[in-house]
Amino acid sequence: MIGRIKLSGAMICMCIGILILTAGYAVLREREGDAPGDGGGLAENQGMDLDSERIAVLYADIYERVAENSDLGSAELIEQIVEELGGHGVTAIDGDNQTNMVNAGKAEAFVRRQASGESGNLTVIRVLYPDGFAKYDMRTENRKVFVERAYYEYREGAMEHRSSDQYEAGSWKYTEEGYVMFEGELVSEEQYALTMSAMPEYTAMRVKPLSEACRKLNRQYIRPIGYGRNNLFLTDWTEADFGQIDFQDLFDICYPLVYGKQNPYADRGIGTGEIAHVPGEEFERAIQTYFQIDRKELQKKSIYFSGDNSYGFRTREMGELEFPEIPYPEVVSYEKDGDGLLRIMVNAVYPERHSSKIFTHEVTVRILPEGGFRYVSNHVVSSEKDAAGSWHRDRKSDAGTQEESSLWAIPQAERCLLAEKEKKELQTLALEAGEQVKEVYRDVEIMEGPSYGSNIKEFTAAQRKETVRLLGKAGFTSVTKDCNMENPQNLEAFYDAYRGKKDALATVVQVNQDGLLGVITFVYRNGNLQTYYIGIRWREGGEPVIRDTSVSDVSEIKLTEKGYFIYAYKVIVAHAALRQYWRITPLSDCYRELAAVYIDGLSYVNYNLLVRNWDAGNVKDILTAGLFEDLYRMDTGEPFRAEQGRIPAEVFERILTTYLPVTTEQLREAYAYEEQSGSYLYERISPKAHPPFGEVVGYAENGDGTLTLIVDGVWPDYNSDCAFTNQIVVMPFADGSFRYLSNTIWQKELEIPRGIVTAEK
């Protein structure tokens, strides 16, 4: 449930509210026992956890006053809010480390305690945007650091608690440059449902201050270009030799800086590789404002069309997109020369590599007498191994022609089996598929967001299934999650031709959960297998457009006896599944509904519930870590959030005694129960990626009111749609809950996972 802290008129009129607003929250400081002048503010210098409600009230008051009485931009507002928080004794910083941390002494003390193995606490407020912040409560014991992070957002006169996460910090380090850097594994409900795996989060907080002069130089000369979608600061170059600078990228970045509006050529040719012709004077002004480069040299370094005196510009295609986690620059020193040159030393800070200096470079700029400046040179002084390769991608050579666009996340083939004419025909077919379902997308809201998603604000399961139905009605082979494939015979015919070594094509339209259409054509020619992928995204009003295309070699395909179409790419993407799959044989709605209630969300590999033969007599064999979390999610529809690493006994025992034939005494014997606090130790596990999943294939209603479910374990990664079979007996209750009574499992195509050792106190 989302927490909400109200700022009602009645509350403000209360005596304590008057004191808060008129005396700088002195009463709140007094409650913490701080003496005047001790620098404690809302919390003691020892790092006492700050009360969330009071922090939210304080923040809301500051935000209302600052936002109402200021015409500052967002960055300036954030800086002012950080400063005001500091005045109340709060340790605070902005989300991008662009302001100095206030009350940093508390953070430094926490770092010392962690390094020496002492216990300690620290609360840091990160102002992410003027009307929202993240609160980090950190605790250290025996050099381990535990983090509880909560997000708050200002809405309708109140700070709302939006979400919380807890984790043990990994890779904790305090760098020479003065950064605290740590990593934690988060498991959101959506991430868990899709991948059954944890998602790492990387955090960096600058504790040591930087001079305002360095920060100003960074804002003026370095951050406007940055390290994303260009290589200006990644390579060595001078005005005498511009080296490998990509001026197409720089045109895209410099255009809004020079003309005060977005690059109007940026949306042209997406998915087709079409090159826009930019008038020569327009292109040259964007570049020559910041670089002393001759027109002829710029023409050599760019795509230039002499016929109409224009420069070619092509938006980066999907195969040229970079990883979203990109370092940010930080000026650490500078030197002025008498001839108007300014030499700036810059560190690249990269939290994803736990580095506050993944590389260092020196940038020289020339200050112009009439105002403005030009970049003169860049020199990479030092660099960690393959630093830029962690995120950067160079553009492909255009060579004067259109090139096939591609998805960076999907392995690419060196040569496409399809002719250009065939690819154009398939792109037309993909757009026709989009036209068939425009009515579903006509009223969707398109937001700004990452280029690899649909950016549809909300796309429901009902909309996905209606899209599949309409596509099927129009004759397309279409599919989405938890829905029978329409027109599967086309894919079956392709598989028959493949087995007979006959050339064939088959196209499947996959409706992704975010509403993106993936139009995938399987090609078999001369003994070679490929997929040709076309991504369809949407504009306002339901207009389909081609977002990207991709060509990938396929190593094998298999159509199982039960009707699973399973295929594998020759090159497997890191962290991706070994094989992709669809169920092409229909499955009854009854079986799908039974799986949704009783099976979906259970794991074959994280605990023993599905891989041991058990009943009430030996239920202790399945009482292991991880089981509670999945049962809690099935019961509440929400992921479990532990408090200080503990689970209240009433919650833990209610869930497990409801869903298992187990007693409270058995639970307290099997798990780490603490009588004094009335709670259990939260033993979090890291879920394994791409495990098998259960599929109901039969059931029986028994005379005693129980249900017997027949469940096949489907494990596409190992080419199996019946790795093992379970017989699970459940007792449904009138309130919608139920209890698992027993499980029996038989090995079929694969060995049964071994399970784990039962929990000990």
Side-chain angles (χ1 to χ4, degrees), residues 189 192-193 196 590-640 647-673 679-680 682-683 685 687 691-713 724-746 752-753 755-756 758-759:
E189 184 176 9
Y192 186 87
M196 299 293 285
C590 176
Y591 290 167
R592 290 187 186 277
E593 291 170 5
L594 288 170
V597 173
Y598 300 112
I599 304 301
D600 290 354
L602 294 179
S603 173
Y604 278 93
V605 295
N606 293 326
Y607 40 79
N608 299 336
L609 180 71
L610 297 180
V611 297
R612 294 280 177 89
N613 294 331
W614 65 269
D615 56 22
N618 66 329
V619 69
K620 63 180 180 62
D621 290 346
I622 65 168
L623 300 181
T624 64
L627 177 59
F628 165 77
E629 291 175 276
D630 282 354
L631 293 179
Y632 181 90
R633 183 183 289 105
M634 294 174 71
D635 181 83
T636 65
E638 301 287 340
F640 178 73
I647 308 172
E650 61 270 21
V651 176
F652 189 84
E653 292 165 0
R654 179 186 69 80
I655 292 294
L656 291 182
T657 58
T658 296
Y659 290 94
L660 296 174
V662 65
T663 66
T664 298
E665 290 73 20
Q666 288 174 307
L667 293 178
R668 294 186 178 184
E669 180 180 350
Y671 292 97
Y673 173 71
S679 65
Y680 290 83
Y682 178 42
E683 301 175 275
I685 63 171
F693 63 89
E695 178 179 75
V696 174
V697 296
Y699 77 101
E701 296 179 351
N702 305 316
D704 59 359
T706 62
L707 287 175
T708 298
L709 305 177
I710 306 302
V711 180
D712 283 347
F724 14 81
T725 296
N726 295 74
Q727 178 178 288
I728 303 170
V729 179
V730 298
M731 170 63 79
F733 298 130
D735 62 358
S737 63
F738 58 88
R739 179 172 296 150
Y740 297 105
L741 298 180
S742 67
N743 174 70
T744 305
I745 186 169
W746 295 275
I752 299 170
I756 58 178
T758 54

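- To the nearest 0.5 Å, atom CG of residue L609 and atom CD1 of residue I728 are 7.0 Å apart.
- Remark: I710 CD1 to L594 CG distance equals 11.5 Å, nearest 0.5 Å.
- Across all their heavy atoms, V605 and P692 have their closest contact at CG1-CD, 4.1 Å.
- Contacts of F738 classified as ring pair (Phe, Tyr, Trp, His ring centres under 6.0 Å), with partners at least two apart in sequence or in another chain: Y598, Y659, Y740.
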Problem set entry | Verdict with reasoning, R612 to N618, per side chain to side chain contact (heavy atoms under 4.5 Å, CB included) | CA-CA 10 Å; R612 294 280 177 89; N618 66 329; over 6 Å; no

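- Scored by the ring pair (Phe, Tyr, Trp, His ring centres under 6.0 Å) test, F724 finds Y604 as partners (sequence neighbours excluded).
- Shortest non-hydrogen contact noted between I599 and V711 is CD1-CG2, 3.9 Å.
- Residues forming a ring pair (Phe, Tyr, Trp, His ring centres under 6.0 Å) with F640 (at least two apart in sequence, or on another chain): F628, Y632, Y682.
- For Q666, the side chain to side chain contact (heavy atoms under 4.5 Å, CB included) partners two or more places apart in sequence, or in a different chain, are V619, V662, T663.
- Residues satisfying the salt bridge (charged side-chain N to carboxylate O under 4.0 Å, His left out) test with D600, not counting sequence neighbours, are none.
- Checked against side chain to side chain donor-acceptor pair (under 3.5 Å), Q727 has no partners two or more places apart in sequence or in another chain.
- Judged as a side chain to side chain contact (heavy atoms under 4.5 Å, CB included), and not counting sequence neighbours, the contacts of E701 are Y699, L707.
- In terms of heavy atoms, A625 sits closest to I685 at CB-CG2, 3.9 Å.
- Distance CG/N726 to CG/L610: 5.5 Å, rounded to 0.5 Å.
- Taken from CE in M634 to CD1 in I655, the straight-line distance is 10.5 Å, to the nearest 0.5 Å.
- A search for side chain to side chain donor-acceptor pair (under 3.5 Å) contacts involving T725 returns D712, K748, not counting sequence neighbours.
- Between the N606 side chain and the L627 main chain, no donor and acceptor come within less than 3.5 Å of each other.
- Distance check: S679 OG to E650 CD gives 9.0 Å after rounding to the nearest 0.5 Å.
- When the options I622, N743, I752 are evaluated for a side chain to side chain contact (heavy atoms under 4.5 Å, CB included) with V611, the one that passes is I752.
- Remark: L667 CG to Y680 OH distance equals 5.0 Å, nearest 0.5 Å.
- Nearest heavy atoms, A649 versus Y673: CB-CE1, 3.9 Å.
- Under the side chain to side chain contact (heavy atoms under 4.5 Å, CB included) criterion, D704 pairs with N702, T706, sequence neighbours left out.
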Problem set entry | N613 and I745: CA distance, side-chain angles, deciding distance, side chain to side chain contact (heavy atoms under 4.5 Å, CB included) verdict | CA-CA 6 Å; N613 294 331; I745 186 169; 3.6 Å; yes

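- E653 meets the salt bridge (charged side-chain N to carboxylate O under 4.0 Å, His left out) test with R668; sequence neighbours excluded.
- Annotation: side chain to side chain donor-acceptor pair (under 3.5 Å) contacts of T657 (sequence neighbours excluded): none.
- Annotation for R633 and D630: closest pair NH1-OD1, 3.0 Å, computed over non-hydrogen atoms.
- Heavy-atom minimum distance, A670 versus L623: CB-CD1, 3.8 Å.
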For this session: Check step by step if side chain to side chain contact (heavy atoms under 4.5 Å, CB included) holds for N608 and D621.
Result: CA-CA 7 Å; N608 299 336; D621 290 346; 5.7 Å; no

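- Residues passing the side chain to side chain donor-acceptor pair (under 3.5 Å) test with R739: none are found, sequence neighbours excluded.
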